Amino acid sequence: ENMRDLIISIAAVALLIGTWLVFFDYSSDNIDSYTHTLKKEIIPAVEAGQWEESKDLMQELDKDWHKYKKVALLFLDTQTVNEIDYTLARAIKYVKAEDVSNSSGELNSMIEQLTFLKKNDEVSASNIL
């Protein structure tokens with residue numbers, strides 16, 4: 001009886017750790033992709049005044065983010081994820097308004113928020129304690 005309970009407990013913990021590690025890999029890849037897209041594609045397009053390309057890129061980022069967000073909310077701090085969501089919503093509006101300054105400001109803010117999210121998502125001693 002006690003041995004069976006121990007085995008069940010170990011299996012449950014292993015399942016939780018395994019699930020977290022799979023999510024961490026998925027999350028890290030997505031955050032890196034979003035950050036790269038923002039730095040190398042969207043911000044340069046906004047700063048060059050390429051508004052149609054910027055709008056298309058923002059629409060794609062928004063679609064990808066909302067797909068990621070559904071999963072991320074199961075594992076990550078809801079407040080941080082929602083703050084990124086709000087920043088993205090503002091950036092989309094600024095891009096639609098063709099406002100270079102506010103668009104690039106919000107997009108750069110989103111990069112910082114994503115970096116913060118990734119650091120808090122990592123398995124490290126400081127995040128465990």
Side-chain angles (χ1 to χ4, degrees):
E1 178 74 25
N2 287 340
M3 184 57 94
R4 191 181 85 194
D5 291 344
L6 177 64
I7 291 170
I8 290 171
S9 296
I10 290 171
V13 169
L15 179 64
L16 287 171
I17 291 171
T19 302
W20 177 257
L21 291 173
V22 168
F23 171 75
F24 174 72
D25 187 53
Y26 166 79
S27 181
S28 182
D29 289 348
N30 277 280
I31 291 172
D32 289 344
S33 173
Y34 302 146
T35 302
H36 180 268
T37 299
L38 287 163
K39 285 181 179 178
K40 301 295 183 188
E41 297 177 29
I42 298 176
I43 293 173
V46 164
E47 290 176 346
Q50 299 168 335
W51 296 111
E52 289 309 312
E53 180 182 353
S54 298
K55 289 172 192 174
D56 291 343
L57 290 168
M58 290 299 293
Q59 184 177 17
E60 185 68 28
L61 178 64
D62 186 49
K63 184 181 84 174
D64 289 347
W65 167 256
H66 280 88
K67 188 170 79 172
Y68 167 78
K69 180 182 162 187
K70 288 177 186 176
V71 177
L73 287 173
L74 299 173
F75 294 92
L76 302 176
D77 176 46
T78 303
Q79 182 177 352
T80 305
V81 173
N82 285 339
E83 286 174 10
I84 295 170
D85 202 40
Y86 302 146
T87 301
L88 178 58
R90 284 191 302 270
I92 289 169
K93 291 295 183 186
Y94 288 133
V95 168
K96 284 182 181 176
E98 300 183 2
D99 182 334
V100 176
S101 179
N102 285 320
S103 295
S104 62
E106 290 295 336
L107 293 169
N108 278 294
S109 176
M110 188 172 173
I111 290 170
E112 293 302 315
Q113 290 170 321
L114 288 166
T115 302
F116 176 77
L117 182 66
K118 185 175 178 183
K119 287 220 183 293
N120 283 342
D121 187 26
E122 291 175 349
V123 177
S124 67
S126 63
N127 287 344
I128 293 170
L129 300 176

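This structure is a prediction, so every number in the text was calculated from the model and none was measured.
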Item to check | Chi angles and distances behind the side chain to side chain contact (heavy atoms under 4.5 Å, CB included) call for Val81, Tyr68 | outcome: CA-CA 10 Å; Val81 173; Tyr68 167 78; 5.9 Å; no
Item to check | Pairs satisfying salt bridge (charged side-chain N to carboxylate O under 4.0 Å, His left out), at least one member in residues 81-97, at least two apart | outcome: Lys69-Asp85, Arg90-Glu106
Item to check | Pairs satisfying salt bridge (charged side-chain N to carboxylate O under 4.0 Å, His left out), at least one member in residues 24-38, at least two apart | outcome: Asp32-Lys118
Checklist entry - Sub-3.5 Å donor-acceptor pair from the side chain of Ser103 to the main-chain atoms of Tyr94, do we have one? => result yes
Checklist outcome for this item: Residues at least two apart in sequence or cross-chain that pass ring-ring contact (aromatic ring centres under 6.0 Å, His included) with Tyr86, listed by chain then number, are none
Checklist entry - Linking I/L/V/M/F/W/Y whenever any side-chain heavy atoms sit under 4.5 Å apart, do Leu117 and Leu74 land together? => result yes
Next on the checklist: Quick check: closest heavy atoms across Tyr34 and Asp64, and the distance to 0.1 Å?
Outcome noted: OH-O, 3.0 Å
Checklist entry - Excluding sequence neighbours, so at least two apart, what forms side-chain hydrogen bond (donor to acceptor under 3.5 Å, both in side chains) with Ser33? => result none
Item to check | For Ser109, side-chain contact (heavy atoms from CB on, under 4.5 Å) partners two or more places apart | outcome: Thr87, Gln113
Checklist entry - Is it true that atom NE2 of His36 has more than 12 heavy atoms of other residues, nucleotides or ligands lying nearer than 6.0 Å? => result no
Checklist outcome for this item: For Asn82, the side-chain hydrogen bond (donor to acceptor under 3.5 Å, both in side chains) test, sequence neighbours excluded, returns none
Checklist outcome for this item: Between Tyr26 and Asn30, the two heavy atoms sitting closest are O-ND2, 2.8 Å
Checklist entry - What residues, two or more places apart in sequence or in another chain, satisfy side-chain contact (heavy atoms from CB on, under 4.5 Å) together with Ser101? => result Asp99
Next on the checklist: Nearest 0.5 angstrom please: Trp20 CH2 to Ile17 CD1, how far?
Outcome noted: 12.0 Å
Checklist entry - When rounded to the nearest 0.5 angstrom, what distance separates OG1 in Thr37 from CD1 in Ile111? => result 10.0 Å
Next on the checklist: Measuring from atom CG of Leu114 to atom CD1 of Ile84, what distance do you get when rounded to the nearest 0.5 angstrom?
Outcome noted: 4.5 Å
Next on the checklist: Looking at Phe23, is its backbone amide N or carbonyl O close enough to the side chain of Ser27 to form a donor-acceptor pair, meaning the two atoms are under 3.5 Å apart?
Outcome noted: no
Item to check | Residues Met58, Leu88; criterion side chain to side chain contact (heavy atoms under 4.5 Å, CB included); working and verdict | outcome: CA-CA 9 Å; Met58 290 299 293; Leu88 178 58; 3.7 Å; yes
Checklist outcome for this item: Residues passing the side-chain contact (heavy atoms from CB on, under 4.5 Å) test with Leu6, sequence neighbours excluded, are Met3, Ile10
Which pairs would a plain distance check flag for residues 38-56, meaning a side-chain donor or acceptor within less than 3.5 Å of a matching protein atom at least two apart in sequence or in another chain?
residue : atom : partner : partner atom : Å
Ser54   : OG   : Val46   : N            : 3.3
Ser54   : OG   : Gln50   : O            : 2.8
Lys55   : NZ   : Glu98   : OE2          : 3.3

